[in-house]
Amino acid sequence: MDHVDEEIEIPSYFLCPISLEIMKDPVTAVSGITYDRQSIVQWLEKVPSCPVTKQHLPLDSDLTPNHTLRRLIQHWCDENATRGVARIPTPRAPPGKLNIAEEIKNLKKFVVEASGREDTLKKLEVLAMEGETNRRMMCEAGVHRSLILFVVKCTLEEEEEGQHLKGHVDESLRLLHLIGVPLNDTRTILIENDQILESLTLILHQQDFINKAYTVVLLRNLTGNASSHIVERFGAEMLKGIICFLKDVVISSFNLTNASVSATLQPSSSSVRSKLDRSLVIKRGVAAALMILLETSSWSQNRSILVDLGAVSQLIELEISYSGEKRTTELLLGILSRLCCCADGRGEMLAHGGGIAIVTKRVLWVSTAADDRALSILSTLSKFSPENEVVNEMVCVGTVEKLCSVLRVDCGLRLKEKAKEILRDHFDEWKRFPCIDVPLLTKLLSS
């Protein structure tokens, strides 16, 4: 409400015990205490108990509208309108279980029928945006299952009809991102429908940048708890789609003109879509993509596929242009460390002008985990690719200096041993460079 002059005495029972402001929508919890609806709902999303009595209150506990108190507050506001008190409007009734149940029924129906799809998706989006309680109720009712089935149906149909249904697929992916997929349900979903991965692969090869981010997050949610043989058999087309998404992230970070990126990064006319934090969606998509690539690179056949698809170059570009998150760098260096286990991966790493430089820069910069992975990459390169060009580049980009820093600072013994091993292997070559402090290097290696 508007500012109220200090001399106006507000009845204490008009004030919400949480916000200490006049209640706009007073509701009484089962504990018997009345709160403003917005305040108690936000409280229960974090703490499942009554703020006053400490009685346990689950998020879906009944909140009974206190109409009598609301009318008293409105009457008091009307009486004090001339003193600057704004009238509190009658609140709109919040969506209840019946509203959601009805839309869920419509949702399950339009998976096989075309009628009412657009209205149902929009209503479900609005309900999902209004609070965690609604999203949890949707998951309990299996909305995520129906949406996934619908996405599969649309993407695998004839091209003409698929284009006609593209808007519904966009909305379905956005809604899936909002409500999520329960971890205890992912394995069953994948077993019951073997076309899901094929469908998501098709979406990854479409032009919509944000849809790719939604899809990568969904893919990670579905496969994060799946058996290893499912992840191991990820096809080259799916991996290619994930790498292309990371390429789009690099392009967008450079603000280059790109139809598939710039168009989707502009504010949308949809009021619901504009509420979503697009940068957060992309950030989640990048993290999900890297986790998938890290897991799939555990198998040698997948490492070869990823190298052939240009993953090494894209990962280096991503770290140079986009990364600022500790977890992103840790995941990225973990993937590069595995890809450098094969000769072609090391070749791609060395062929990129910024490969050794960016890995060197991340040492002692991010975290202990990142240090370990970065030094593993440098160790592998120096051991299996000891050409003069590589040794020279390590001097030019500061690798030798950084390895000496590892030996001089307080860090783990494992890291120090890795650094010493690299320095010892090429000591004879590096001591010929005038920029190398040979006495210091000798002292550090003997310590």
Side-chain angles (χ1 to χ4, degrees), residues 294 297-298 300 303-304 306-307 311-313 315-320 323 326-447:
L294 182 63
S297 62
S298 299
S300 59
R303 287 197 288 269
S304 298
L306 289 171
V307 171
V312 173
S313 176
L315 290 170
I316 295 171
E317 292 293 336
L318 181 67
E319 183 61 26
I320 292 172
S323 182
K326 181 178 79 168
R327 182 58 177 155
T328 300
T329 297
E330 290 173 347
L331 290 168
L332 193 147
L333 292 175
I335 302 166
L336 287 176
S337 178
R338 288 180 175 175
L339 297 184
C340 283
C341 290
C342 61
D344 289 341
R346 293 191 294 273
E348 290 295 317
M349 185 77 183
L350 297 173
H352 192 289
I356 295 178
I358 191 63
V359 172
T360 298
K361 186 176 181 180
R362 293 300 179 254
V363 177
L364 300 179
W365 186 271
V366 181
S367 66
T368 302
D371 292 342
D372 184 68
R373 294 169 183 182
L375 286 178
S376 293
I377 295 170
L378 296 174
S379 176
T380 302
L381 293 176
S382 67
K383 185 178 297 183
F384 297 103
S385 303
E387 296 85 359
N388 288 336
E389 294 80 2
V390 177
V391 175
N392 294 347
E393 184 177 351
M394 285 186 170
V395 175
C396 294
V397 301
T399 305
V400 179
E401 182 181 355
K402 186 61 72 77
L403 292 173
C404 290
S405 297
V406 172
L407 297 180
R408 298 171 69 180
V409 302
D410 182 19
C411 61
L413 182 61
R414 173 184 167 87
L415 295 179
K416 290 181 181 292
E417 289 302 319
K418 280 188 176 182
K420 280 186 177 182
E421 181 183 6
I422 300 171
L423 290 170
R424 285 196 187 102
D425 287 344
H426 301 289
F427 178 79
D428 291 337
E429 293 94 333
W430 285 331
K431 70 181 182 180
R432 293 198 294 266
F433 286 84
C435 60
I436 299 297
D437 188 339
V438 178
L440 175 61
L441 182 56
T442 304
K443 179 181 178 180
L444 290 173
L445 289 176
S446 60
S447 62

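Starting from 1, each residue takes its place in the sequence as its number. Remember, it's a predicted structure, so these values are computed and weren't measured experimentally.
- Proximity of Leu441 to Cys404: side-chain heavy atoms (C-beta onward) are separated by under 4.5 Å at one or more points.
- Using a 4.5 Å cut-off on side-chain heavy atoms (C-beta onward), Arg303 and Ser300 make contact.
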Start with the C-alpha gap between Ile356 and Val390, add the side-chain angles, then the distance that decides, and say whether side-chain contact (heavy atoms from CB on, under 4.5 Å) holds.
-> CA-CA 9 Å; Ile356 295 178; Val390 177; 4.2 Å; yes

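- At least one side-chain heavy atom of Leu375 sits under 4.5 Å from a side-chain heavy atom of Leu403.
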Check the pair Leu444 / Leu423 against side-chain contact (heavy atoms from CB on, under 4.5 Å), numbers first and verdict last.
-> CA-CA 10 Å; Leu444 290 173; Leu423 290 170; 5.9 Å; no

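- Atoms CG and CE, on Leu378 and Met349 in that order, are 7.5 Å from each other to the nearest 0.5 Å.
- Within a 6.0 Å radius of CD in Glu429, more than 12 heavy atoms belonging to other residues, nucleotides or ligands are found.
- Ser367 contributes atom OG, which lies 3.5 Å from atom CD of Glu330 (distance to the nearest 0.5 angstrom).
- Nearest heavy atoms, Ser382 versus Ile422: OG-CG2, 3.8 Å.
- For the residue pair Ser298 and Arg338, the shortest heavy atom distance occurs at OG-NH1, 2.9 Å.
- Under the 4.5 Å side-chain criterion, counting only non-hydrogen atoms from C-beta, Val438 is not in contact with Trp430.
- Smallest separation of non-hydrogen atoms from Cys341 and Ser337: SG-O, 3.5 Å.
- Listed here is the closest heavy atom pair of Val312 and Gly345: CG2-O, 4.1 Å.
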Under the salt bridge (charged side-chain N to carboxylate O under 4.0 Å, His left out) criterion, do Arg414 and Asp372 qualify, and how do the steps go?
-> CA-CA 8 Å; Arg414 173 184 167 87; Asp372 184 68; 2.7 Å; yes

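- Lys418 and Glu421 are not joined by a salt bridge, as no carboxylate oxygen comes within less than 4.0 angstrom of a charged side-chain nitrogen.
- Among all heavy-atom pairs drawn from Val406 and Lys416, the shortest one is O-NZ, 3.1 Å.
- For the atom pair CD1 (Ile377) and CZ (Arg362), the distance works out to 11.5 Å, reported to the nearest 0.5 Å.
- For the atom pair NE2 (His352) and CD1 (Ile320), the distance works out to 5.0 Å, reported to the nearest 0.5 Å.
- Taken from OG in Ser313 to CG in Leu318, the straight-line distance is 11.0 Å, to the nearest 0.5 Å.
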When you look at Arg346 and Leu381, which way does the side-chain contact (heavy atoms from CB on, under 4.5 Å) test go after all the steps?
-> CA-CA 7 Å; Arg346 293 191 294 273; Leu381 293 176; 4.0 Å; yes

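- Minimum interatomic distance between Ser297 and Leu306 (heavy atoms only, all atoms of both residues): CB-CD1, 4.0 Å.
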Can Val366 and Leu333 be said to form a side-chain contact (heavy atoms from CB on, under 4.5 Å), step by step?
-> CA-CA 11 Å; Val366 181; Leu333 292 175; 6.0 Å; no

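- Around atom NZ of Lys420, more than 12 heavy atoms belonging to other residues, nucleotides or ligands sit under 6.0 Å away.
- Looking at Glu319 and Thr329, their side chains do bring a donor and an acceptor atom within 3.5 Å of each other.
- The CG atom of Leu415 lies 5.5 Å from the CG atom of Asp371; values are rounded to the nearest 0.5 Å.
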